[in-house]
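Comments concern the structure below.
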Amino acid sequence: MSQSKITYTKDGPFFIIKFNSPESLNAMTSQDYIHLATLLKLAEKDPEVYFTVLQSSGRFFSSGADFKFISEYKDVLTGIEKDNTGGDHAARETQLTKVWLDGFLSTNVHVTDIFINHSKVLIACLNGPVVGLSAAIVALCDIVYAMNDDVYMLCPFSRLGLTCEGGTSITLPMKLGMNSTFESLMFAQKIKMDKLMGNIVVKNYKLNDTDEFNKVIMEELKTKIKTLYLPSCLAMKKLLRSSLNDELDKMNSKEVNQALPFWVDGVPLNRFRQMFHNKQRVRGQ
Ligand code: CO8
């Protein structure tokens with residue numbers, strides 16, 4: 001159930017969103033990502049909220065898109081093949097495009113847009129590695145904390161027949177540097193803590209227990225904000241992200257449109273299915 005996989009609590013000016021499916025390393029279906037975006041919208045509308053905090057559970061922050069869920073699209077495509085009459089390639093392409101506009105493009109662009117334009121300060125607490133679209137979301141956050149040296153980011157887009165998504169064509173070069181980004185993206189390599197620290201991650205807590213990590217961060221945040229005039233924080237966020245968000249908004253559309261033909265050709269679906277059925281997972285170097 002999407003709703004219990006991602007829950008939220010309010011604690012003063014903090015809106016805390018938590019991922020609760022450690023058994024799948026907090027993999028996300030489209031519906032989960034949409035639900036996450038819905039929770040951000042709740043935080044957005046709440047005048048008492050100044051900080052939106054993302055927390056997780058277990059040993060991964062999130063393993064990205066759920067390969068089991070995406071594999072189920074095979075049945076939809078088989079239906080299209082059966083219904084396809086007279087070898088009409090244009091009609092087939094139209095049907096496939098419709099499937100992936102719904103199944104990939106609209107979800108991806110919506111979730112990314114909500115993260116780009118969230119006006120509250122976004123804080124990610126990385127208890128472990130983060131992969132794919134979830135990694136892109138973390139790169140869109142304003143402040144990122146890591147539990148220990150085991151944290152890494154992995155954007156395995158080149159292995160899955162995808163392209164940059166979730167704003168990574170802007171956030172990664174901006175935060176990690178252009179050449180480092182090229183190597184990580186081209187060869188689907190893990191971005192380890194030595195590269196994350198100081199560029200994306202601002203503090204390594206060197207802890208080993210996720211619950212303790214989440215608790216310590218909240219205690220620290222509460223102490224940090226004691227003397228602040230919180231509207232200043234939101235006003236500064238607006239200024240700091242103004243030109244960046246203009247660029248991200250443009251790129252959000254470009255990114256998904258570059259990937260759409262790959263989905264229509266069936267490449268990501270086949271690769272996600274391989275991961276699901278043959279357990280050929282995308283383990284980065
Ligand atoms: N989806 C579903 N289940 C998963 C996923 C996943 N992404 N990742 C892990 N799991 C499950 C495994 O099936 C396994 O379950 P079980 O115990 O029942 O077999 C459990 O989690 C533990 O996984 P592993 O045994 O594989 O754990 P390891 O520590 O050996 O490996 C890895 C961890 C490296 C994360 C490995 O599981 C892996 O490669 N997972 C796939 C990661 C991935 O490629 N994610 C997709 C990224 S691309 C992306 O997010 C863009 C999405 C674009 C579409 C968006 C539509 C809106």
Side-chain angles (χ1 to χ4, degrees), residues 2 5-6 19-38 40 56-74 76 99-115 126-140 150-169 171-172 184-185 187-192 210 252-253 255-285:
S2 186
K5 274 172 78 178
I6 307 176
F19 307 154
N20 305 302
S21 49
E23 63 290 344
S24 69
L25 310 181
N26 298 295
M28 306 260 191
T29 64
S30 293
Q31 201 186 325
D32 295 329
Y33 280 122
I34 294 169
H35 186 58
L36 176 58
T38 301
L40 249 73
S56 191
S57 54
R59 65 187 174 93
F60 264 61
F61 182 79
S62 170
S63 59
D66 187 316
F67 49 65
K68 180 174 184 295
F69 171 80
I70 291 182
S71 300
E72 284 163 8
Y73 274 91
K74 181 68 185 163
V76 179
V99 167
W100 294 120
L101 284 173
D102 293 346
F104 160 70
L105 189 141
S106 57
T107 303
N108 205 309
V109 91
H110 171 68
V111 172
T112 303
D113 176 75
I114 296 294
F115 269 87
L126 297 185
N127 55 306
V130 60
V131 185
L133 183 55
S134 303
I137 281 169
V138 167
L140 285 170
D150 294 340
V151 166
Y152 64 80
M153 283 175 90
L154 174 62
C155 297
F157 307 139
S158 54
R159 291 216 193 142
L160 290 170
L162 301 169
T163 61
C164 288
E165 58 182 60
T168 45
S169 52
T171 52
L172 296 188
S184 309
L185 288 181
F187 308 127
Q189 285 184 351
K190 288 176 184 168
I191 307 165
K192 295 188 180 163
T210 298
N252 189 15
S253 153
E255 286 180 345
V256 286
N257 279 300
Q258 290 251 352
L260 187 62
F262 297 159
W263 285 96
V264 171
D265 285 346
V267 183
L269 176 64
N270 285 335
R271 293 190 173 214
F272 274 105
R273 289 186 74 230
Q274 269 176 7
M275 272 204 289
F276 177 44
H277 292 298
N278 308 329
K279 307 264 178 200
Q280 287 173 5
R281 306 272 155 82
V282 188
R283 292 171 218 284
Q285 306 304 304

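Ligands are counted one by one from 1 in listed order, and the atoms in each one are counted from 1 as well. All values reported here derive from a predicted model rather than from experimental measurement. All values below were derived from every heavy atom in this structure, side-chain atoms included, with hydrogens, water molecules and symmetry-related copies excluded.
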Under a 4.0 Å heavy-atom limit, does Leu160 contact ligand 1 with its side chain, its backbone, both, or neither? side chain
Going by the atom numbers of ligand 1, which of them fall below 4.0 Å from some non-hydrogen atom of Ala27? 1 (N), 2 (C), 5 (C), 6 (C), 7 (N)
Would Met28 count as a contact of ligand 1 if the rule is a heavy atom under 4.0 Å away? no
Out of all atoms in ligand 1, which are within 4.0 Å of some heavy atom of Met275? Include the element for each. 41 (C), 44 (O)
Whether the side chain of Trp263 engages the backbone of Trp100 through a donor-acceptor N/O pair (distance < 3.5 Å, no angle test) should be reported. no
Using a 4.0 Å cutoff against the non-hydrogen atoms of Asp66, which atoms of ligand 1 qualify? 1 (N), 2 (C)
Are side-chain heavy atoms of Asp32 and Asp66 found at a separation under 4.5 Å? no
Taking only heavy atoms of Gly64 into account, list the atoms of ligand 1 that are under 4.0 Å away from them. 50 (O)
Using a 3.5 Å distance criterion without hydrogens, assess whether the side chain of Ser62 forms a donor-acceptor pair with backbone atoms of Asn26. yes
Going through the distances and angles, do Ser134 and Tyr33 end up as a side-chain contact (heavy atoms from CB on, under 4.5 Å)? CA-CA 9 Å; Ser134 303; Tyr33 280 122; 2.7 Å; yes
Donor-acceptor pair, distance only, cut-off 3.5 Å: does the side chain of Thr112 make one with the backbone of Asn108? yes
Heavy-atom distances under 4.0 Å are what count here, so tell me which part of Glu165 touches ligand 1: side chain, backbone, both or neither. side chain
Ser106 side chain vs Leu101 backbone, donor-acceptor pair below 3.5 Å: yes
So which of Ile34, Thr112, Leu25 gets nearest to atom 33 (C) of ligand 1, if we judge by its closest heavy atom? Leu25
Would you check if Tyr152 and Ile191 make a side-chain contact, meaning some heavy-atom pair closer than 4.5 Å? no
Quick check on contacts: which atoms of ligand 1 are under 4.0 angstrom from a heavy atom of Ser30? 57 (C)
Here the atoms of ligand 1 under 4.0 Å from any heavy atom belonging to Ala65 are 1 (N), 6 (C), 7 (N), 45 (N), 46 (C), 49 (C), 50 (O), 52 (C)
Donor-acceptor contact below 3.5 Å, side chain Thr210 vs main chain Gly58: yes
I'd like to know if the side chain of Thr107 and the backbone of Ile34 have a donor-acceptor N/O pair within less than 3.5 Å. no
Atom indices of ligand 1 within 4.0 angstrom of Thr107 heavy atoms, with elements: 57 (C)
Select the closest option to atom 35 (C) of ligand 1 among Phe60, Phe104, Phe67, Tyr152, judged by heavy-atom distance. Phe60
Report yes or no: does Phe69 have a heavy atom closer than 4.0 Å to ligand 1? no
Would you call Glu23 a ligand 1 contact, heavy-atom distance under 4.0 Å? yes
Can you sort out which atoms of ligand 1 are near Ser63, meaning under 4.0 Å from one of its heavy atoms? 5 (C), 6 (C), 7 (N), 8 (N), 9 (C), 42 (C), 43 (C), 45 (N), 46 (C)
Using a distance-only test with no angle check, is there a side-chain donor-acceptor pair under 3.5 angstrom linking Glu255 and Ser169? yes
